[in-house]
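Notes for the one structure printed next.
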Amino acid sequence: MYKILIQLRQRQAIRILLAGCMFFAASCKTENMVPVVNESVKNIDGTWKIASATLNGTDILNTIPDAMTHLSGFGVTFTDGKYTLTNPIPFIVETEGTYTFNDPQYPFDISFTPTGATTAVKSTFQFPVVQGQRRVTLTFSPGCSKNIYVYTLKKDN
Amino acid sequence: MIKYLRNTRKKLPRYVFLAALILFLSNCDFIINSITQPLTANVGEEITTVLDANFNVDGGPYTKRIVIGILAPKSWKIGENTKITFSGDKGTGTMVPIPASEVAASAKNGENWATRMKNKLGIGPNFIDDMEWVPFQTAESLTANINEKANAKFQIKMKVGIDGQNTSVRLGYVVCNKDDGLADDTPNLWPVKYANCLEVSGGTGDLIDFCNPSLAVLSPVKVLDNDFESITFDNTVTTTALKDVQNIYLCATAHTSDGQDIVVCAQDERSKMRTIAPNKFQITIWPRGYFNVPAGKTLTGVDYYFTDQGGTVKVGFGNVSTVPFKIKFLCD
């Protein structure tokens with residue numbers, strides 16, 4: 001009888017010890033376990049070409065001959081806060097200049113300022129990954145505000 | 001095997017009965033009995049349309065809001081110029097616009113009610129895609145009792161032609177409930193009807209004719225010189241001087257804001273229109289590039305004809321060779 005009591009007490013002691021360990025483990029500060037990584041500054045340097053284009057929701061890249069739209073020849077090159085255009089088409093801006101993000105780490109829009117202009121023109125900016133490659137999606141209206149263009153650009157290798 | 005067949009034969013009436021029951025139970029439907037709308041109006045006038053609809057439910061009771069969509073030219077801004085009231089078996093009430101931020105029931109890509117209606121119904125029997133569906137809902141939910149067949153008359157008062165332009169158009173009406181919307185598999189719950197052609201007169205400028213096919217169609221309808229513009233020549237509308245001609249070219253003159261003309265009228269690869277359907281031809285241009293407009297200058301408009309390869313046979317506005325079609329670079 002005495003033996004049984006001792007065994008029970010031992011088991012109880014082990015249980016209390018285990019519970020104590022769990023409390024101790026749970027009290028660890030979880031944020032220390034998450035590695036501290038700074039969100040990278042979005043780098044879009046390079047030349048970008050059109051991968052898809054819509055006007056008012058309708059595909060204009062594959063349904064209209066390129067000889068009429070000249071979309072495939074268009075390119076925009078970003079270098080150190082500046083941009084240049086090749087073979088212009090309806091776009092946010094018509095001439096080269098500088099660009100800025102609203103936030104370099106978490107950009108939601110991009111502003112283009114043509115050289116000599118005093119005001120910037122803004123477009124929404126999306127930076128999705130498609131087939132392992134970054135794409136840049138810009139939404140803008142170069143003419144009437146009800147005509148919405150969405151260009152998705154891919155990097156020209 | 002024989003036993004199995006016998007069993008199936010015994011069960012067959014039961015299956016048939018069940019199938020009939022399911023059909024009967026899902027036999028809810030909404031019907032637009034009639035649309036009463038004037039045939040003529042003056043620009044800016046308020047017209048009254050009466051839409052008579054039946055709401056037949058099986059099972060229930062159901063408590064839902066009723067939605068009405070109206071198809072009208074964008075420039076009429078029907079959403080701001082319309083008042084809808086209803087009366088009938090469910091009493092009387094008013095309807096209010098559905099905010100653009102609300103996602104439509106049964107929308108596939110999170111589109112709002114106006115977009116859902118446009119995607120599903122297009123512009124109906126009209127010919128110019130410069131129209132919008134404007135959604136309204138009952139201010140409160142209405143309850144249909146078990147197997148009720150309720151009738152309601154919707155009185156739609158709207159100002160037409162507030163843009164001051166002479167227009168003929170077939171307005172469209174769709175009725176549905178707020179929970180099911182325009183679901184693909186239940187077209188019986190969203191009847192749609194188009195009124196006869198409404199002629200709005202007393203305004204300025206050429207008639208904008210949504211009701212009849214025209215020789216030249218622009219898309220988008222409203223553009224500036226920095227937009228892409230598609231021009232379609234429909235050579236099936238009537239007999240033209242270019243009948244049976246398969247190589248069609250655009251002959252165009254652009255006007256700059258400082259009074260200069262830029263002509264692009266050579267019959268070459270640049271001005272050649274592509275065939276998009278038998279005897280339908282289309283060209284897409286970016287006016288600033290097509291007319292090589294110098295930086296700093298803007299275009300106010302373009303006059304154009306369709307020609308044959310020789311450039312001698314021309315078709316212009318009203319199917320004559322002396323009056324050009326016109327594009328005015330204006331937004332709203």
Side-chain angles (χ1 to χ4, degrees), chain A residues 50 52-76 84-97 112-119 121-124 126 128 137-152, chain B residues 73-75 77 108-109 111-112 114-116 118-119 122-123 129-132 218-232 249-250 264 268-276 281-290 292-299 327-332:
Chain A
I50 287 182
S52 79
T54 63
L55 166 53
N56 296 335
T58 307
D59 178 11
I60 53 170
L61 181 67
N62 301 306
T63 59
I64 302 174
D66 192 60
M68 292 182 183
T69 58
H70 307 286
L71 288 169
S72 70
F74 172 76
V76 54
T84 55
L85 305 172
T86 41
N87 302 316
I89 50 166
F91 192 57
I92 306 155
V93 280
E94 288 177 64
T95 52
E96 61 184 38
F112 293 83
T113 313
T115 307
T118 47
T119 51
V121 195
K122 225 185 249 185
S123 157
T124 59
Q126 287 170 298
T137 299
L138 304 171
T139 307
F140 55 92
S141 296
C144 286
S145 59
K146 282 192 177 166
N147 296 331
I148 313 284
Y149 294 69
V150 180
Y151 289 174
T152 298
Chain B
K74 281 182 189 168
S75 54
K77 298 189 175 130
K108 296 240 166 51
N109 300 308
E111 61 266 34
N112 63 18
T115 311
R116 174 70 185 160
K118 183 78 190 286
N119 290 348
I123 53 169
D129 190 359
D130 192 25
M131 306 183 77
E132 61 181 349
L218 302 176
S219 175
V221 177
K222 294 191 172 116
V223 291
L224 293 182
D225 62 351
N226 202 21
D227 274 308
F228 279 121
E229 173 79 305
S230 290
I231 303 167
T232 307
Y249 296 83
L250 185 77
V264 177
D268 55 18
E269 277 310 303
R270 179 159 66 140
S271 63
K272 188 170 182 189
M273 302 178 73
R274 65 185 176 121
T275 309
I276 53 164
F281 307 90
Q282 190 181 67
I283 189 168
T284 300
I285 63 169
W286 169 42
R288 292 200 69 80
Y290 190 81
N292 204 5
V293 181
K297 285 196 180 186
T298 53
L299 299 178
I327 306 173
K328 283 178 196 156
F329 293 129
L330 285 173
C331 293
D332 279 317

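Lettering follows sequence order; numbering is per chain, from 1. Treat the numbers as computed from the prediction; the structure is a model and nothing was measured.
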Tell me, for L330(B) versus chain A, whether the close heavy atoms (under 4.5 Å) come from the side chain, the backbone, both or neither. backbone
Under the side chain to side chain contact (heavy atoms under 4.5 Å, CB included) criterion, do R274(B) and I64(A) qualify, and how do the steps go? CA-CA 9 Å; R274(B) 65 185 176 121; I64(A) 302 174; 4.1 Å; yes
More than 12 heavy atoms of other residues, nucleotides or ligands under 6.0 Å from NZ of K74(B): is that the case? yes
Can you name the nearest heavy-atom pair linking K222(B) to N147(A), along with the distance? O-ND2, 2.9 Å
Whatever's closer than 4.5 Å to a heavy atom in chain B on F91(A) counts as backbone
For Q282(B), is it the side chain, the backbone, both or neither that has a heavy atom under 4.5 Å from a heavy atom of chain A? backbone
Backbone N/O of P90(A) and side chain of D227(B): donor-acceptor pair under 3.5 Å: no
When rounded to the nearest 0.5 Å, the distance separating CE of M68(A) from CD of E229(B) is 13.0 Å
Highest number of heavy-atom pairs under 4.5 Å with chain B: which of P88(A), A67(A), S141(A), G57(A)? P88(A)
Quick one: which of G143(A), C144(A), P142(A) has the most heavy-atom pairs under 4.5 Å with chain B, could you say? C144(A)
Can you tell me how far the CG atom of N226(B) sits from the CD1 atom of I89(A), to the nearest 0.5 Å? 10.0 Å
If I compare all heavy atoms of C331(B) with all of S145(A), which pair ends up nearest, and what's the gap? SG-N, 4.5 Å
Looking only at heavy atoms, the pair that brings Y151(A) and F228(B) closest together is OH-CE1, 3.8 Å
Is R270(B) in contact with chain A via its backbone, its side chain, both, or neither, using a 4.5 Å heavy-atom distance? neither
Can you tell me how far apart OG (S219(B)) and CG (N56(A)) are? Round to the nearest 0.5 Å. 7.5 Å
